Amino acid sequence: MLRLIGTALCLRCQRVPSLPLILRPCVTLNSGENQQTVEALYNLAVDIQKVRKFNGWVLQRSPAYTQDVVNLLVDLGASGPIIAQILTTHPEAVLCDPQQMQDQKDLWVSVCPNKKELVGIIEKFPASFFTSSSYHLNQRNNIGYFQSLNLNRRIISKLMASAPQSFSRPVEQNQVMVCTLQQVYLELGGEEANMKIWLQKLLSQNPFVLLKPPEALRQNMLFLRDKGFRTAELLHLLSKLRGFVTELNPDSMSCTLEYSRNTMGCSETELREIILACPALLYYPESVLSERFGGLLCAGISMSQIKETPTVLELTSQIVNYRIQRLKAHGYDVRTGSLQALNGTKKDFEMSIGRLQLRRERPLFNPVAPLKVDD
């Protein structure tokens with residue numbers, strides 16, 4: 001009886017047709033899709049559904065060079081999961097001509113010879129690596145220009161990755177902006193010996209500064225000078241704001257300064273001191289400042305405390321409330337203490353919490369109390 005059942009099951013299995021690969025649900029072709037591309041991406045564990053949703057046109061193009069992309073990335077040391085992530089995020093890579101990809105690889109290796117670091121850049125900025133060959137000459141010229149400024153290789157590779165537009169355009173446009181930055185820095189009293197470090201920090205903090213019109217920088221500096229900031233103070237603001245100084249404009253700064261002065265009830269001189277302590281105030285819109293002032297005041301913090309430690313305005317109300325509760329749990333009341341305990345990065349704050357905890361756990365020692373000794 002058991003033998004008959006087993007035979008029947010085997011015969012039933014033989015009658016079930018095996019499904020070909022292209023008919024499996026995850027690799028079923030949509031109209032007009034390139035079968036080889038879909039299958040190749042599927043075998044690499046690429047999220048086909050995500051590609052279809054956001055870049056479906058790629059799957060319809062031919063020819064595609066999926067294996068060439070894989071070979072290039074493997075040669076750089078990329079693992080399977082990383083390759084799948086890159087092609088899920090930027091499937092357009094499979095449409096790049098193999099020679100074009102090799103040229104890009106050679107270009108990038110010239111500024112980022114560490115293959116592991118380069119794979120990390122490609123994973124984070126795939127569109128910057130797999131780009132059009134029509135910009136290759138501009139990229140090479142811009143690399144040569146920034147190398148002539150003796151900028152750190154990592155700064156150059158970061159610029160190429162996060163602001164590829166600045167490397168795709170003619171080198172002369174970047175030269176104009178860099179020269180403007182250098183001139184303003186020197187005009188405000190900056191030392192030429194420190195200019196390279198200053199420029200590297202500026203470009204690292206905001207790579208998109210190269211894409212801004214040079215006139216914006218000078219207009220903002222003139223506006224702040226008219227507001228009473230002295231030359232040394234303007235250099236301080238330029239160094240603190242770095243590339244973000246080009247994101248500002250006189251109209252927005254005027255509104256922000258007026259709102260801040262009225263809200264804090266301070267004089268023009270006091271406001272300048274507050275801005276020098278917290279330059280970020282210059283680029284917060286009135287709506288953001290209103291919400292943050294309100295959150296601090298509702299938490300019981302006085303306006304005089306805010307004026308003494310204006311950098312607390314750089315924190316969102318959610319972060320401020322969370323930190324206030326954490327400090328309170330460790331016996332610290334910000335309403336009577338310094339707001340410096342609220343400031344800083346997440347790491348800085350956790351270190352402050354650690355010091356408070358240690359202080360509570362450490363036994364108090366009275367130096368004038370008599371020591372207990374055995375008779």
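Computed from a predicted structure; not experimentally measured.
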### Summary
Looking only at heavy atoms, the pair that brings E123 and I86 closest together is CA-CG1, 3.8 Å
### Query
What's the shortest heavy-atom distance between E291 and S317, and which atoms?
OE2-OG, 2.7 Å
### Query
Tell me, which pairs form a ring pair (Phe, Tyr, Trp, His ring centres under 6.0 Å) where one or both residues lie in residues 154-193, sequence neighbours left out?
F146-F167, Y185-W198
In terms of heavy-atom contacts, does [atom1] of [X] have more than 12 from other residues, nucleotides or ligands at under 6.0 Å?
X    : atom1 : result
Y145 : OH    : yes
R154 : CZ    : no
Q36  : CD    : no

## Note on the structure
So the side chain to side chain donor-acceptor pair (under 3.5 Å) pairs with at least one residue in residues 66-75 (sequence neighbours excluded) are Q67-N71, D75-K105
### Query
Hey, mind stepping through M303 and T263 against side-chain contact (heavy atoms from CB on, under 4.5 Å) and telling me if it holds?
CA-CA 9 Å; M303 189 61 74; T263 301; 4.0 Å; yes
### Message
For the residue pair R326 and F349, would you count it as a cation-pi contact if the rule is NZ or CZ under 6.0 angstrom from the ring centre and within 45 degrees of the ring axis?
### Response
no
### Query
Is there a side-chain contact (heavy atoms from CB on, under 4.5 Å) between V245 and L282 once you walk through the steps?
CA-CA 9 Å; V245 71; L282 287 171; over 6 Å; no
### Query
Hey, mind stepping through S254 and D251 against side-chain hydrogen bond (donor to acceptor under 3.5 Å, both in side chains) and telling me if it holds?
CA-CA 5 Å; S254 182; D251 290 339; over 6 Å; no
### Query
When R272 is tested against each of T269, I275, I274 for side chain to side chain contact (heavy atoms under 4.5 Å, CB included), which residue passes?
T269
### Message
Under 4.0 Å between a side-chain nitrogen and a carboxylate oxygen: does that hold for K227 and E268?
### Response
no
### Verdict with reasoning, R261 to E270, per salt bridge (charged side-chain N to carboxylate O under 4.0 Å, His left out)
CA-CA 9 Å; R261 188 176 67 81; E270 289 175 320; over 6 Å; no
### Query
Hydrophobic clusters join Ile, Leu, Val, Met, Phe, Trp and Tyr when side-chain heavy atoms are under 4.5 Å apart, directly or via other members; which others share one with V176?
none
### Query
Taking side chain as C-beta onward, heavy atoms only, is N249 less than 4.5 Å from Q219?
no
